[in-house]
Amino acid sequence: MGFPTIGDSVYIGPGACIIGRVSIGSDVAVGAHAVVVRDVMDGEVVAGNPARQVSGGGAKDYINYTVGDEGVKSEISDYERKQALWSGS
C-alpha cells in the first residue's frame, strides 16, 4: 500500500481521500471529497471518485498568500482577503 507524497503549494479540499503510494505534484488542487488513487502531475486540478483532471490551472485560485512584515509567506483565506478589500485596508 504505502503512503502519499505531497508537493508544495497543494490545496486538499475537505473530505478528500488520498489512498496508497500516490505522488501529488506541486501547485495542485484536489477537490472536496475527491478520491485520489493515481499520481497527480504538477499544476493539475483534480476532482471526483476516482479523481480525474478537470483543469490545468493549478492551486493558484485555491490558495492565497501574502508576504508579512518579516517576509514570510502566510496563507490567508478568501474570506479574509475579501474582508480586507471591503474595509479598505
Side-chain angles (χ1 to χ4, degrees):
M1 202 37 128
F3 54 89
T5 303
I6 299 174
D8 295 324
S9 298
V10 174
Y11 171 82
I12 300 174
C17 295
I18 302 169
I19 300 172
R21 189 174 285 170
V22 174
S23 177
I24 296 183
S26 295
D27 190 36
V28 166
V30 178
H33 302 285
V35 178
V36 180
V37 294
R38 293 187 209 127
D39 291 348
V40 180
M41 306 308 285
D42 291 348
E44 288 185 354
V45 176
V46 296
N49 180 4
R52 291 193 166 87
Q53 182 181 1
V54 295
S55 170
K60 69 181 180 303
D61 293 331
Y62 301 90
I63 301 175
N64 298 300
Y65 292 96
T66 184
V67 176
D69 294 336
E70 299 164 6
V72 177
K73 284 187 176 181
S74 61
E75 191 173 328
I76 61 170
S77 71
D78 191 42
Y79 175 77
E80 291 170 322
R81 185 172 49 86
K82 287 179 181 176
Q83 271 201 327
L85 289 172
W86 293 331
S87 67
S89 304

So CD1 of I12 and CD1 of I6: to nearest 0.5 Å the spacing works out to 4.0 Å

Give me the atom names and distance for the closest heavy-atom approach of G25 to V10.
O-CG2, 3.3 Å

All N/O donor-acceptor pairs, side-chain side in residues 34-59, below 3.5 Å, sequence neighbours left out:
residue: D39; atom: OD1; partner: S23; partner atom: N; Å: 2.9
residue: D42; atom: OD1; partner: S26; partner atom: N; Å: 2.8
residue: Q53; atom: NE2; partner: S55; partner atom: O; Å: 3.2
residue: S55; atom: OG; partner: G57; partner atom: N; Å: 2.9

Which atom names give the shortest non-hydrogen contact between Y11 and P14, and what distance separates them?
OH-CD, 3.8 Å

